[in-house]
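For reference, the structure is listed below as structure tokens.
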Amino acid sequence: MVRVHNVEQAERASRGRAAVMALAAVVMMLNAVIEFGSAPYSVLGLRGAVWIPMIGAWLFILAKGGGLSRDRLTSSLLNDELSLQNRARALSFGFYATMLAGLLIYAGSWYQEIGVRDALRLVTAVGISGALARYAWLEVR
């Protein structure tokens, strides 16, 4: 039985999830831009290696729809049919954002040399940030 309390809790969690994903999208893009061309973030070491688990974590969160620690009822309310559709649309948007970023970086490399790690960081940041921002936007609409 679905109680009003559970529905309200799921609604709050949905708004919170959208806010966190929007914030993560902005922070990730800022991070990629700030780190662009910076040697400490492109060599083997803690600073450079942090990017891998961060991208992996956000991919996992996008795949699961967030709300990992919720009980079963709240989770089912949180990940309703509309949220699943929004997540699919967001992942699609992220794919196209990644492809466009890759093409722009490829064309940009004709005029300015871009290191492989910097290019990959930008491509992954644009893809994940695009998907996170699109998901947040669709959820708050």
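Here the structure is a predicted model, which means the values were calculated and not measured.
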Tell me the closest heavy-atom pair linking [X] and [Y], and the distance in Å.
X      : Y      : result
Thr98  : Gly94  : OG1-O, 2.8 Å
Gly108 : Ile114 : C-CD1, 4.3 Å
Ala136 : Ala18  : CB-O, 3.2 Å
Trp58  : Ala24  : CZ2-CB, 3.3 Å
Ala49  : Pro53  : O-CD, 3.0 Å

Any sub-3.5 Å donor-acceptor pair from [X]'s side-chain atoms to [Y]'s backbone N or O?
X      : Y      : answer
Arg87  : Tyr135 : no
Ser92  : Ala88  : no
Ser129 : Val126 : no
Asp118 : Gly37  : yes

Can you tell me how far the [atom1] atom of [X] sits from the [atom2] atom of [Y], to the nearest 0.5 Å?
X      : Y      : atom1 : atom2 : answer
Leu122 : Glu35  : CG    : CD    : 10.0 Å
Met99  : Phe95  : CE    : CZ    : 4.5 Å
Arg117 : Arg121 : CZ    : CZ    : 9.0 Å
Met29  : Ile34  : CE    : CD1   : 11.0 Å
Arg134 : Leu62  : CZ    : CG    : 13.5 Å
Thr124 : Met54  : OG1   : CE    : 8.0 Å

Pairwise side-chain contact, [X] with [Y], heavy-atom cut-off 4.5 Å (strictly under):
X     : Y     : answer
Gln85 : Glu81 : no
Trp51 : Met28 : yes
Met21 : Ile61 : yes

Short side-chain donor-acceptor distance under 3.5 Å, Ser83 and Asn86: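 The criterion, which ignores hydrogens and geometry beyond distance, is not satisfied for Ser83 and Asn86.
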
Side-chain heavy atoms nearer than 4.5 Å, only ILVMFWY residues, links allowed to pass through others: does that put [X] and [Y] together?
X     : Y      : result
Ile55 : Ile105 : no
Leu59 : Ile52  : no
Leu91 : Leu132 : yes

